[in-house]
Amino acid sequence: MARREELPYLSQSGILLLLILGVLTPVGLMSAAGVVAIVLGGDIGSLVVGILVVSFALATLGAGTALLVMFQRRTRLAREQVTFLTNVTHELRTPLSAIRLYGQTLQLERAGDAETRRQCVEAILRETARLGQLVDRVLEWRRIAEGRRTYQKQRARVEEALDEALTNFQGLLAAGEVELHQDRSSTREVYLDRGALAEAILNLLVNAHKYTGETKRITLRSRDVEGGVEIAVEDNGVGIPRAEQQRIFEPFHRGGDRLDFQAAGVGIGLAIVRDVVRGHHGRIRVDSEPGRGSTFTLFLPAAPPAGSGGKS
Ligand code: ADP
């Protein structure tokens, strides 16, 4: 059997040290020589040579810094990709195990009575919907990351998108799992991609469910405000520390473990929501207090009055 040779491996800190020594030392020496030539040279020739040497040293330093930044960015990207893959695998495994378990129960006819069989089938459908939501989220993120995500907007009220999000959300829940409230009164039309907005609201609802303890109370609101429509998803969950509130919208960022257990996730849900909101020329903000809950509020600008000819 062919033996794979181990490649000589330089650690990350080794590469950093090499870069620093390989760039900083010659730059330091060159700068010193340049300064000596400028200060002690006396004639115009030494001055020119000194300035050239110092400029060259500074340019080398700039190139070295750019290289270092690129290197760090690549390392971070590689680390994020590995974490992303691990998280996706982890999130796939949980519903798959549940589906197998309920399937085996049905197969072995342990679920003797009709009611138990119905519960098993419902659970399988629920877990399949969860799998579908994860796959949709990953594919959607891929389109956004590759710059291929476009929004097909039409003049409409947001309420239909909210209904779609709620229906899909309820498909992921067991009966009585969440106390769901609605306070919806928006009437204004906006230019919107209904599917994309529904997906964004679903992501917020799923998070509200995921980052809340045993007793889950979620409220979906909508109302007309000056210049547009506001949609809010409110929960009574773990909340988000102030220092983290901006970073949660960055792709792959996952908050600290504030629940008793590690909530499954891959860190792209809010990045998708932010892209959808930007694609609609809207804004998103979060109000949150650790231990008390969070509210994510979207603002979408109203479509110009019908007949005025404006289109977003
Ligand atoms: P994921 O949920 O897969 O980690 P998201 O992009 O949807 O990815 O969320 C990023 C982070 O923001 C989460 O890891 C979590 O820490 C925090 N977060 C999002 N929504 C909520 C919420 N409703 N309550 C508390 N924390 C939240």
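Whatever order the structure lists ligands and atoms in, that order sets their numbers, starting from 1.
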Would you say ligand 1 has an N or O under 3.5 Å from any N or O of [X]?
| X | answer |
| --- | --- |
| His253 | no |
| Glu244 | no |
| Gly265 | no |
| Gly239 | no |
| Ala271 | no |

>> Under a 3.5 Å threshold, yes or no: a donor from one side chain and an acceptor from the other, between Glu179 and Thr215?
In response: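 Thr215 and Glu179 do not have a side-chain donor-acceptor pair below 3.5 Å.
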>> Checking Asp224 against Thr187: is there a side-chain donor and acceptor pair closer than 3.5 Å?
In response: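 On atom types as modelled, these side chains qualify, holding a pair under 3.5 Å.
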At less than 4.0 angstrom from any non-hydrogen atom of [X], what atoms of ligand 1 do you find?
| X | answer |
| --- | --- |
| Ile268 | 6 (O), 8 (O) |
| Val266 | 3 (O) |
| Arg254 | 1 (P), 4 (O), 14 (O) |
| Ile240 | 25 (C), 26 (N), 27 (C) |

Measure [X] to ligand 1 on non-hydrogen atoms and call it side chain, backbone, both or neither using the 4.0 Å cut-off.
| X | result |
| --- | --- |
| Leu204 | neither |
| Lys210 | side chain |
| Phe296 | side chain |
| Leu270 | both |

>> Does the residue Ser294 have a heavy-atom contact with ligand 1, meaning some pair of atoms that are separated by less than 4.0 Å?
In response: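 Ser294: in contact with ligand 1 (<4.0 Å).
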Heavy-atom neighbours of [X] [atom1] exceed 12 at 6.0 Å:
| X | atom1 | value |
| --- | --- | --- |
| Glu226 | CD | no |
| Glu122 | CD | yes |
| Arg76 | CZ | no |

For the side chain of [X] and the backbone of [Y], is there at least one donor-acceptor N/O pair under 3.5 Å apart?
| X | Y | value |
| --- | --- | --- |
| Lys153 | Gly279 | yes |
| Ser294 | Ser288 | no |
| Glu234 | Leu220 | no |

>> Looking at Phe299, I'd like to know if the NZ or CZ of Arg283 sits under 6.0 Å from its six-membered ring centre while staying within 45 degrees of the ring's axis.
In response: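 Verdict for Phe299: a cation-pi partner in Arg283.
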> Are Arg155 and Glu189 close enough for a salt bridge, meaning some N to O gap below 4.0 Å?
Replying inline: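 Salt bridge: yes.
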> Looking only at non-hydrogen atoms, which of Phe84, Trp141, Tyr211 approaches atom 13 (C) of ligand 1 most closely?
Replying inline: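 The nearest heavy atom belongs to Tyr211.
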